[in-house]
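My questions will all concern the structure given below.
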Amino acid sequence: MSIIAEEVQKNGQRKQIPFLLNSVTISDVDDNTMQLMQRSTNDLIVMLRLVRGKRTDFYNYLRILNKVEGDDFQEQAKLTGKDYEYWTRKAWVIENILRDRTGFFPERITDEYLSELVVKADKINGKFMRIRTKKKNI
């Protein structure tokens, strides 16, 4: 394994890894599984939230279409069902990648949850790596 010279940290500083909420769009989810595996864990968490939102939308559309009587809506219900399946499978793929990396995936991804992750990332980015070898005088 080699490290790029720009990635080497000096004077106890940590590599800055920001948690960006706006770095992911719903179109990024169309990537295949190998491309998704290249994304950062932070990006995948935000992506999972977007995918779950789309999945919920299509579930609600499908529920409404299935209540409507008549052949006019059956073709639309089939298409919506396929979209619902697509978003469900995408959610599973992202959940499995997160589970492989961290041992779990978040059940609910709320604004508060994401805000906490941003605060934690900022806090860790600001911590220096120091080894104290001398006893502090009190």
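For the numbers below, each heavy atom of this structure counts, side chains included, while hydrogens, waters and symmetry mates do not.
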Worksheet item: Hey, what do you get for CG (Leu36) to CG (Asp30), rounding to the nearest 0.5 Å?
Response: 9.5 Å
Fill in: Set of side-chain hydrogen bond (donor to acceptor under 3.5 Å, both in side chains) partners for Glu112, sequence neighbours left out
Thr110
Worksheet item: Given the rule that I, L, V, M, F, W and Y join up when any side-chain heavy atoms are under 4.5 Å apart, are Met34 and Trp92 in one cluster?
Response: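 Hydrophobic grouping puts Met34 apart from Trp92.
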Discussion item. When you measure from the side chain of Asp43 to the backbone of Arg39, do you find a donor-acceptor pair of N or O atoms at a distance under 3.5 Å?
Written reply: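 No, because the side chain of Asp43 does not come within donor-acceptor range (under 3.5 Å) of the backbone of Arg39.
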Worksheet item: Listed by chain and number, what are the ring pair (Phe, Tyr, Trp, His ring centres under 6.0 Å) partners of Phe73, not counting sequence neighbours?
Response: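 Once residues adjacent in sequence are excluded, Phe73 has no partner under the ring pair (Phe, Tyr, Trp, His ring centres under 6.0 Å) criterion.
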Worksheet item: Can you name the nearest heavy-atom pair linking Asn66 to Ala77, along with the distance?
Response: OD1-CB, 3.9 Å
Worksheet entry | Spacing of Phe105 atom CZ and Asp100 atom CG [to the nearest 0.5 Å] | 11.5 Å
Worksheet item: Side-chain contact, heavy-atom cut-off 4.5 Å: Ile26 with Trp87?
Response: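 Side-chain contact under 4.5 Å: yes.
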Discussion item. Test of understanding: with ring pair (Phe, Tyr, Trp, His ring centres under 6.0 Å), list the residues that count as partners of Tyr84, not counting sequence neighbours.
Written reply: Tyr59
Worksheet item: Looking at side-chain heavy atoms only, is the closest gap between Glu95 and Glu107 below 4.5 Å?
Response: no
Discussion item. Nearest 0.5 Å, please: how far is CG in Asn96 from CE in Met37?
Written reply: 10.0 Å
Discussion item. Test side chain to side chain contact (heavy atoms under 4.5 Å, CB included) on Leu50 and Lys54; report intermediate values, then the result.
Written reply: CA-CA 6 Å; Leu50 296 173; Lys54 280 289 211 186; over 6 Å; no
Worksheet, complete the sentence: For Leu44 and Arg101, the nearest pair of non-hydrogen atoms, with its separation, is CD1-NH1, 3.6 Å
Worksheet item: Between atom OG1 of Thr80 and atom CG of Asn60, what is the distance when rounded to the nearest 0.5 Å?
Response: 11.5 Å
Practice prompt. Applying side chain to side chain contact (heavy atoms under 4.5 Å, CB included), run through Gln76 and Leu62 and close with a yes or a no.
Written response: CA-CA 9 Å; Gln76 187 62 38; Leu62 185 60; over 6 Å; no
Worksheet item: Under 3.5 Å, is there a donor-acceptor pair between the side chain of Glu116 and the main chain of Tyr113?
Response: no
Discussion item. Let's go through Arg49 and Asp111 carefully: what are the C-alpha distance in whole Å and the side-chain angles of both, what is the deciding distance for salt bridge (charged side-chain N to carboxylate O under 4.0 Å, His left out) to 0.1 Å, and is it a yes or a no?
Written reply: CA-CA 10 Å; Arg49 182 179 191 194; Asp111 288 338; 2.8 Å; yes
Practice prompt. Supply the atom-to-atom distance Met47 CE to Ile97 CD1, rounded to the nearest 0.5 angstrom.
Written response: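 Met47 atom CE to Ile97 atom CD1 measures 8.5 Å (nearest 0.5 Å).
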Item to complete: Spell out, yes or no, whether Tyr86 and Leu65 are grouped together once hydrophobic residues are joined by side-chain heavy atoms under 4.5 Å, including indirect joins.
Response: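 Per the 4.5 Å side-chain linkage, Tyr86 and Leu65 are not co-clustered.
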Worksheet item: If we only count heavy atoms from C-beta on, is the Lys78 to Lys82 side-chain gap below 4.5 Å?
Response: no
Worksheet item: Charged N to carboxylate O below 4.0 Å: is that the case for Glu85 and Lys90?
Response: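 Here Glu85 does not pair with Lys90 in a salt bridge, since their nearest N and O are not under 4.0 Å apart.
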Worksheet item: Any donor-acceptor pair under 3.5 Å linking the side chain of Asp28 with the backbone of Val24?
Response: no
Discussion item. Within a 6.0 Å radius of atom CZ on Arg99, are there more than 12 heavy atoms belonging to other residues, nucleotides or ligands?
Written reply: no
Practice prompt. Have a look at Leu114 and tell me which of Val119, Asn42, Ile109 forms a side chain to side chain contact (heavy atoms under 4.5 Å, CB included) with it.
Written response: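 The passing option is Ile109.
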